[in-house]
Amino acid sequence: MPALPAQYQPGEVEQRRYEQWVAAGHFRADAESDKPSFSIVIPPPNVTGSLHIGHAFEHTLMDALTRRRRMQGFEALWLPGMDHAGIATQNLVERQLATEGLSRHDLGRDKFVERVWQWKAESGGAILDQMRRLGNSVDWDRERFTMDEGLSRAVHTIFKRLYDDGLIYRAERIINWCPRCLTALSDIEVEHTDDEGELVSIRYGDGENAIVVATTRAETMLGDTAVAVHPTDERYLHLIGTEVELPLTDRRIPIVADEHVDPAFGTGAVKVTPAHDPNDFEIGQRHNLPSFTVMDERGVITVSGPFEGLDRYEARPAIVAALREQGRIASEKRPYVHAVGHCSRCKTTVEPRLSLQWFVKTAPLAAAAGDAVRDGRVRIEPADMAKRYFAWVDNMHDWCISRQLWWGHRIPVWYGPNGEVVCVGPDEEPPGSSADGWRQDEDVLDTWFSSALWPFSTLGWPDRTVDLAKFYPTSVLVTGYDILFFWVARMMMFGLYAMDGRQPFDVVALHGMVRDQYGKKMSKSFGNVVDPLDWIGRFGADATRFTLARGANPGQDVPISEEWCQGSRNFCNKLWNATRFALLNGAHVDGDLPDVDALSTVDRWILSRLQHVIAEVDRQFEAYEFAKVCDVLYHFAWDDVCDWYVELSKPVLAAGGQAAAVRRRVLGHVLDQLLRLLHPVMPFVTDELWIALTGAGGPDGTVMIQPWPADQPRLVNDAAEAEVAMLQRVVTEIRRFRSDQGLRPAQRVAARIDGLAEAGVAAHEGLIRSLARLDDPGADFRASATLAVTAAVTVALDTRGSIDVAAERARLEKDRAAAEKELAQARARLSNPAFVEKAPEAVVNKIRDRLAAAEADLARIAAALEALSA
RNA sequence: GGGCGCGUAGCUCAGUGGGAGAGCACUCGCCUUACAAGCGAGGGGUCGCAGGUUCGAAACCUGCCGCGCCCACCA
């Protein structure tokens, strides 16, 4: 076998390994398999742009889950795909067109959509390539896109079904309108920020009948159709039912009483503009008020007169100025901070607008979505997040699903010449031709409408496919808490509805957002954005993945930094070199492991530690505690295996013989198991090393399809762990002394060790001497320092020179103070009758042990001080 | 306005009823033939503040201070 280089070089390894995995077909899931199924559908990234570090993070978690299940013998499917991202993509292509001096209208609908498809072909390929670079073990044969023919048919099918069930309807409502994107938006596509506005008070009417209203949106007054006051407001009782003149117009409007008005705010009187404010719309409904639309879809005033053609922000000061001229400004405008909605895509201030749109009646669907979590069919991790989920599904408004865009699934409704409205099913012909006056609805559906079908549309629904039978419900949904409402809740609604009450996933594992090392959001303007490809190129995909997974505490945001990624890269290299050492020393994994009874204490110890690690990794994986999985494996690999087991093995291997033969076998086994455990998180380096270690070849010669390490409790060995712990303590204390005394580490020191038998580690004197770099006592040995390591163990060292007595004394005095404090604490607690009576026996015993340990420590320190004086 | 969460070492975070932890950073000493992307040793925290419950609180309860997020149609 070729010798491994001294440093791990990820680039070449990653490309080669990935190609071989794909070629061998190991990512492919077989729907006909007898194995239990495990399935994940990818949260489809938008075809706009490229994958950011947040995707890399999410994909790492999904890949780790999938790879582990695959090794555990599940038929594991991770289904890849992308989302057409309606508004985002259309905006992007429109911007491209703009650079050519064109608008979408210059191309026309068909040509424009063609252009978007063309763009998708280019952009989508880049995203898929990024997924390969990350090492994602996705089933490429099952890649899907929300605008695929099959998925479009699913959209069409469910639309028809909901329509027939009366759960989709068309209505004229106040909706959120983006005057830049020129489309309706759903409530959650609107982001609220606290903006500074100005509150002006305007006097309507004159004399006795005058009434003053306060508003931040003076320009809408042209569309006022009433003034509202609270029904019990003493100030205005006499005016209710009367009319006032609306300034700047020739209209008179009524004064109505409505509970909605807060008498304590402003003047207690509200102007009512049903066509441009959701509250006012409702007041209008209650009082049968007419609606006057005063702005067009771009936010430009349409009322004929001096303000016609002005933008809404030009109209506002113009109208205030005109009112002031008429002496109708009752009080100067004052700053007022209030929540204002913005388009989540382009940040333009949303204009509430009365218009005819399509809606999903959410009440029955949302109720089912809530119940599925409440009754435990779907588990949300971390559980706290379920509260947010309930808060949303229990208070959901109807969902506006029509968008005035061209890129998306077109609404399958046709309008006839005589006012007919026909929803056409997926296998039906349009009811008539355009020549006969029939036309299809111009609008397309909200992107999230098709996303909501993703867990079953990707598996072949509405057909009853074998994929659907095998892989639905999916096992777990891994996604960010930021799209709990956008996506998760809606998949629940549609999944339960379309799949006869069967939930789309059993578990929702929510993760946080990737942030920089100070917990700051990543943003281009702040310059702290990390490009996953950059890290993969410089540190490797495994290092990038490990850094991300290591920060993944459920539901918590994930801080990362380049320094930490360097640390992960170092960890990869550590594994590389540990395996390299093993191979240089003839470690192997073939043949059975010798019987436990035939093993040395050190072997039994590492196998016992390994068992704890396997059990812990399993436990943490089941809880989606990726950070803890990484932590456990990191410390086992670095501390236990590299710093101790390998070091303890060096003398044994050097000595050769039967002991060395056994050690080679056990070392090979430990690395084999470790590489398997790490493989889900760091697939590349573990596979490369596993192949080198085992000499495996051929398409199946990869760790990714080896059995997951089994938890074998019989290998747990407390005695061996205690014995090695004592060994470690002795070695560490001798090293401490050497370091404190400035004895050069490379310098061997003659020493005599006493008391190892009493400490139960007599058999390990050779190892202790080796690791602490002590020579055997020579003929010329003369003790010049005596170190008490434990109550029993003393080490007489020939330091070939004087030692720093004062420093060692100070050290010992410090130790003594700590031991005395410990002793006093333990005594105080044990002499407290309430404690001894009420505390669990195990705790009391623990304190007793601690007391004994403190006493032993004091004895040791006393002996050391005495030796120091001599 | 409503809801949720967080304040633990210089930084980022684990720990949630019985001896204060990790990574990185820091100090000292080392190229000890797997690895300087390394090895050994070490320093560092009245666990935001104040009360309470308990034999025992970083953890549970209450209040306060500070920070963050989500939801929301008060003009």
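Every heavy atom of this structure was used, including side-chain atoms; hydrogens, water molecules and symmetry mates were not. A note on names: the letters A, B, ... follow the listed sequences, proteins ahead of strands, and every chain is numbered from 1.
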Pick the [atom1] atom in [N] and in [M], then give their distance to the nearest Å.
N     : M     : atom1 : result
B/A58 : B/U16 : P     : 14 Å
B/U62 : B/G5  : P     : 12 Å
B/G43 : B/A22 : P     : 12 Å
B/C28 : B/G48 : C1'   : 34 Å
B/A36 : B/U8  : P     : 37 Å
B/C74 : B/G68 : P     : 22 Å
B/U46 : B/A57 : C1'   : 14 Å
B/A50 : B/C65 : P     : 15 Å

If you take atom types as modelled and just measure distance, does the side chain of [X] reach the base of [N] with a donor-acceptor pair under 3.5 Å?
X      : N     : result
A/K574 : B/C35 : yes
A/Q7   : B/A37 : yes
A/R569 : B/A37 : yes
A/E733 : B/A41 : no

task = Show your working on ring pair (Phe, Tyr, Trp, His ring centres under 6.0 Å) between A/H511 and A/F57 and close with a plain yes or no.
result = CA-CA 9 Å; A/H511 63 246; A/F57 169 58; 5.0 Å; yes

query = How far does CG of A/L674 sit from CH2 of A/W690, to the nearest 0.5 angstrom?
reply = 14.0 Å

query = Got a second to check how far A/W535's CH2 is from A/R538's CZ, nearest 0.5 Å?
reply = 8.5 Å

Which nucleotide sits closest to the side chain of [X]: [options]?
X      : options             : answer
A/R388 : B/A14, B/A37, B/C70 : B/C70
A/K814 : B/A75, B/C55, B/G43 : B/G43
A/V646 : B/A34, B/C4, B/C55  : B/A34
A/N577 : B/A14, B/C4, B/A34  : B/A34
A/F485 : B/C55, B/C70, B/C35 : B/C70
A/Y518 : B/A75, B/U12, B/C69 : B/U12

Sugar-phosphate, base or nothing in reach of [X], heavy atoms under 4.0 Å:
X      : value
A/N553 : sugar-phosphate
A/T579 : nothing
A/V261 : base
A/D643 : sugar-phosphate
A/D262 : base
A/A391 : nothing
A/Q556 : sugar-phosphate
A/Y481 : nothing
A/C572 : nothing

Can you tell me the pairing partner of [N] across any strand shown, Watson-Crick or G-U wobble, with both distances under 3.5 angstrom?
N     : value
B/C69 : B/G3
B/G23 : B/C11
B/G18 : B/C55
B/C47 : none
B/G40 : B/C28

Side-chain donor or acceptor of A/H276 paired with backbone N/O of A/V294 under 3.5 Å = yes

task = Nearest-nucleotide wise, let me know which of A/P10 and A/R735 is further upstream toward the 5' end of RNA chain B.
result = A/P10

At less than 4.0 Å, is any side-chain N or O atom of [X] found next to OP1 or OP2 of [N]? Yes or no.
X      : N     : value
A/Y336 : B/A75 : yes
A/N570 : B/G38 : yes
A/R773 : B/U32 : no
A/K520 : B/G68 : no

inquiry  = Whole angstroms only, please: what is the CD-P distance between A/E562 and B/C11?
reply    = 21 Å

ask   = Nearest-Å distance, CZ (A/R203) to P (B/A75)?
value = 24 Å

request  = Answer yes if the ring centres of A/F684 and A/F539 are under 6.0 angstrom apart, and no otherwise.
outcome  = no

Check nucleotides 45-47 of chain B against the protein and report each pair of N or O atoms closer than 3.5 Å, with its distance, or say if there are none.
none

request  = Give me the one residue out of A/L583, A/L584, A/N577 that meets side chain to side chain contact (heavy atoms under 4.5 Å, CB included) with A/L4.
outcome  = A/L583

key: Step-by-step salt bridge (Lys or Arg N to Asp or Glu O under 4.0 Å) determination, A/D857 to A/R729   = CA-CA 13 Å; A/D857 230 27; A/R729 184 173 167 190; 3.6 Å; yes

ask   = For every nucleotide of nucleotides 15-25 of chain B, 5' to 3': is a protein heavy atom under 4.0 Å from its base (B), only from its sugar-phosphate (S), or from neither (-)?
value = S--BB--SBS-

ask   = Are side-chain heavy atoms of A/K521 and A/R515 found at a separation under 4.5 Å?
value = yes

ask   = Hey, are the side chains of A/Y236 and A/T267 touching, using non-hydrogen atoms and a 4.5 Å cut-off?
value = yes

inquiry  = For A/R286, is the CZ atom crowded, meaning more than 12 foreign heavy atoms sit under 6.0 Å from it?
reply    = yes

ask   = Taking all atoms of both residues into account, what is the closest heavy-atom pair of A/L633 and A/V613, and its distance?
value = CD2-CG1, 3.8 Å

request  = Tell me whether the guanidinium CZ or amine NZ of A/R550 lies under 6.0 angstrom from the six-membered ring centre of A/Y634 and within 45° of its axis.
outcome  = yes

message = Less than 4.0 angstrom from a charged side-chain N to a carboxylate O is my criterion; do A/R811 and A/E808 meet it?
response = no

